[in-house]
Amino acid sequence: MEKQLVCINCPMGCRLIVSMEGDKVCSVAGNVCKRGEEYARQEAVEPLRVLTSLMRIEGREKPFSVKTSAPIPKRLMFDCVNEIFAHRAVAPIHVGDVILANVCGTGCDVISTQEVL
Ligand code: SF4
């Protein structure tokens, strides 16, 4: 089986062809550099993305911005968004603060990307 992907690691957007046997990647073609092959091997098996979102703050109306500390499985995006929406952070908040540890058991934390004093 073949999967066709577009590499999103740089503006060149190389078209990648991934040959698979079941869930196993056999080969990758079309990549100009090693990053493309690494991306294709991960994307074909378990796509990962950094999640960015807004989170509410206890006692305040305006939310603040957060993101995951590393890419998380795409299939867990909605579960993670729901956990983020259900959580209320407590000010003061600094950029890089861990607001929610190990979101949805991904091993990644939700960290602040905004200062709230
Ligand atoms: S394979 Fe390399 S050159 Fe091509 S889009 Fe991906 S990162 Fe860019």
Side-chain angles (χ1 to χ4, degrees):
M1 185 181 74
E2 274 189 4
K3 284 188 180 179
Q4 296 195 9
L5 305 170
V6 175
C7 181
I8 60 172
N9 282 314
C10 88
M12 277 186 68
C14 295
R15 293 186 180 278
L16 309 173
I17 299 169
V18 186
S19 298
M20 302 195 61
E21 269 182 33
D23 289 344
K24 199 171 166 219
V25 175
C26 299
S27 66
V28 176
N31 55 303
V32 168
C33 72
K34 186 76 182 160
R35 282 198 305 158
E37 180 175 350
E38 290 165 359
Y39 169 77
R41 287 184 178 277
Q42 180 67 52
E43 185 74 5
V45 176
E46 176 74 281
L48 303 175
R49 296 289 185 277
V50 171
L51 170 64
T52 60
S53 183
L54 295 173
M55 184 184 279
R56 294 197 177 115
I57 305 171
E58 193 68 56
R60 300 194 187 192
E61 274 192 26
K62 206 171 164 192
F64 72 111
S65 60
V66 294
K67 69 171 190 171
T68 53
S69 57
I72 61 170
K74 251 174 112 175
R75 64 186 161 79
L76 294 176
M77 284 284 175
F78 286 112
D79 292 343
C80 290
V81 166
N82 285 336
E83 196 170 321
I84 288 169
F85 283 1
H87 190 78
R88 299 288 179 275
V90 178
I93 298 161
H94 305 285
V95 174
D97 282 357
V98 173
I99 310 297
L100 197 54
N102 192 23
V103 61
C104 288
T106 57
C108 297
D109 301 327
V110 173
I111 61 174
S112 172
T113 56
Q114 188 181 340
E115 193 96 351
V116 182
L117 301 175

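In each ligand, atom 1 is the first atom listed, and ligand 1 is the first ligand listed.
- The CE atom of M55 sits 10.5 Å away from the OG1 atom of T113 when rounded to the nearest 0.5 Å.
- Considering only residues two or more places apart in sequence or on other chains, V81 meets the side-chain contact (heavy atoms from CB on, under 4.5 Å) condition with L51, F85.
- Across all their heavy atoms, M12 and V32 have their closest contact at CE-CG2, 4.0 Å.
- With hydrogens and angles ignored, the 3.5 Å screen pairs a side-chain donor or acceptor of Q42 with a backbone N or O of E46.
- Nearest heavy-atom pair, A40 versus L16, reported as atom, atom and distance to 0.1 Å: CB-CD1, 3.8 Å.
- Taking the side chain as every heavy atom from C-beta outward, L100 and E83 approach each other to under 4.5 Å.
- Around atom 8 (Fe) of ligand 1, the protein contributes the following N, O or S atoms under 2.8 Å, ordered by chain and number: C10 SG.
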